[in-house]
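Bear in mind the structure is a predicted one, so any value in this text is a computation, not a measurement. Counting starts at 1 for both ligands and their atoms, following the listed order. The residues of the chain are indexed from 1 along the displayed sequence.
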Amino acid sequence: MGLNESFHLCCWGDYMNMRSTAIGVALAVTLGLAACSGQQSNQSAATQSADTSGQWRSHGRDDSEQRYVPLTQINADNVSQLGVAWFADLAERGGYQTTPVMADGRLYVTTPWSKVYAFDAKTGEQLWKYDPQVPRELAATSLCCNISNRGVAYWNGKVIWGTLDGRLVAADAKTGQKVWEAQTTDPELALSITGAPRIGDGKVFIGQAGAEFHQRGYLSAWDAETGQKLWHWWAVPGNPADGFEQPELEWAAKTWNGEWWKTGGGATPWDGIVYDPETGLVIFGTGNGAPWPAEVRSPGGGDNLFTSSIVALDAKTGQYRWHYQTVPADSFDFDNTSPLTTADLTIDGKKTHVVMQAPKNGVFYVIEAATGKVISANLFVPSANWLTGFDKDNNWKPILNPDANIGKTGKGWFVVPFQTHVWNPQSFNPETGLMYLPARYASYGMVSEAGAKMGNQLLSINVAKRPEYAPPQLEGAGMYLLAWDPVNQREAWKNREGSGGSGTMTTAGNLVFQGTGQRNFSAFRATDGQMLWSTETQGGGITAGSISYELDGTQYVAVVAGQGAGGGAPARLLVYSLDGKAQLPAAGPPVVPVLNPPANFGTAAQLARGQDLYTQNCTICHESGARMGNFPDLRYSAMLLAAPAFESVVLGGALSENGMVSFSKALNAEDVEAIRSHLVRVANELKANPPQQGGGRGGQGGGRGAAAAPSNAPQQPAAGLHQ
Ligand code: CA
């Protein structure tokens, strides 16, 4: 998982607002009308297949994962009349990344701790709830990024989903009773599932996260009826002395040097998977290599297959068919696990069945699904410095910039772009021919240091160090909703009122839906990007994708918003329709944080140790996270007042249901008191030097606009995250 994933997950609260927040207000609506140029001419996707019932029966609506809804009751002319049909509050605290699934009149959503709720999709009545009882202590030791879950799969009367401790669970869709359960990972290893399973041909496909915990990634397939394991495909070779489990691992091993198996290799496929019935392939993305700098994990070079790749396997057998490595020798956490979408495009006058992806590295790929032949690749942000071009004669292999090889040069590097598009869903509208993407144009500075850890994560990047030069000035930096024409590989429009961290959904009503701002849900005109409707959720931000479905003649739009910060509303499933009349409870007044630390205490050694431990264990959420959304700024915490209170949270797990789990496996009481001494000191420094107007935290929790972090804050590992 990414810095994103790794720099937001873990801890006290919701890492939600990865989305653009304060950026939004820029009125620049860059309306390129290229969307309507005669050159694009995509056919309606064959993959819409048999599902014409108005339901949303799988993670990406259907096998194509276009997230395109062929319904027109709600459209660009009347979307402003949308109202809340019903809503349901969700009690769990933590990051909400779930895309609902609607099948046979029931709506299924997942919540933190891998729980599932089922609702009547028309009335909102809660039908059942399932808690797989994930051990809470996992979060402190084995999760890079969050306690969230991105959604369920639906198959033949069963709801099937993954759990943080690596299980697949199948429950009866009507009753919520367990049908089967399968452990897909070795429970002794730090492997977790946050992604949604995909199902094709009666098989459940699932990957896992854990590259940063020196793991070896794989995709596995399970019988949807029985939970029996069918096949298993390793994404990187193990120790050659043990033999190779798959023939292709023998040549993949030639792209590695040293003893990479000792640190796992990475390549964990933790999100994007599509089953393609037209080719019989399951196509998925693999994670970054681990540890991060290529030179550290594979001294002397090598592409390190199959890290940072798109891989296609025969869905029936799990046998390798093709791969395209988007980033050979990745050093920048370029997981290639972003969503994948299949479609039939008309390219050079010929109908072509393609798979498309726009991953972290900033390049939009259009690839022939059957063969892996790259049709085109182009940057979807203004610039990049990790590559200098493509070797088109070699299936568009990227030409790497040698200066960016941080493990080899020994110098830090501000990579451009960074975290450009991570897991947040994309959508493709066959009518406009455009892909709708949350996009982020930013740089991030990394300094390689073999063996450097962040908590339990072996990154070999020193997260407390920045490169010794100024970050690049990026014209047009920021986060926005981007409409991309894949046939012509060019931007159709962008809208900075839109988000760079919230999923999209598009409809035949000429609409694109996306979460925007701090806590809004909005609709844009699909052809030109004009915002047509926006409503407050009263809670927190929306990072996942919305869905739309039809039931008894009414079209609905459903989305899950995270909990609000600082006393805001709980996380909430919101369902809208044109005649929706439900009223949301009034949002409470913003809670203004009070800075009231006790007197400074601690020896110089204790303070230094506290700062070090804080950097290692806490900054992931409470520095970068605080500025991104809902993570508490601990300088304001009342828990600082007394050692027992602070310890009850950090070691006792008193707030574990909020996502702040016990760190008792990583820290002892002495450590915790050292961390408290450090926090008390920085809180008192802040009190003595209050931030300038506009630089502090609002009651709704920072947001990106507060990027002017207080100058006396400790070194910010993720300071460049959003540039
Ligand atoms: Ca990663």
TODO: Assess whether atom NZ of K411 is packed by more than 12 heavy atoms of other residues, nucleotides or ligands within 6.0 Å.
DONE: no

Task: Atom of D335 closest to the Ca ion (ligand 1), considering N, O or S atoms - done: OD1

TODO: Tell me which N, O or S atom of D333 sits nearest to the Ca ion (ligand 1).
DONE: OD1

TODO: For the pair F306 and H323, name the ring-plane relationship: parallel under 30°, tilted 30 to 60°, perpendicular over 60°.
DONE: perpendicular

Open item on the list: Under 3.0 Å from the Ca ion (ligand 1), is there any N, O or S atom belonging to N288?
Closed with: yes

Open item on the list: According to side-chain hydrogen bond (donor to acceptor under 3.5 Å, both in side chains), does anything in residues 377-391 pair up with another residue at least two apart or in another chain? List the pairs.
Closed with: S383-Y441, N385-W413

TODO: Please name all residues satisfying salt bridge (Lys or Arg N to Asp or Glu O under 4.0 Å) with R216, sequence neighbours left out, ordered by chain then number.
DONE: E245

Open item on the list: Among the N, O or S atoms of E212, which one sits nearest to the Ca ion (ligand 1)?
Closed with: OE2

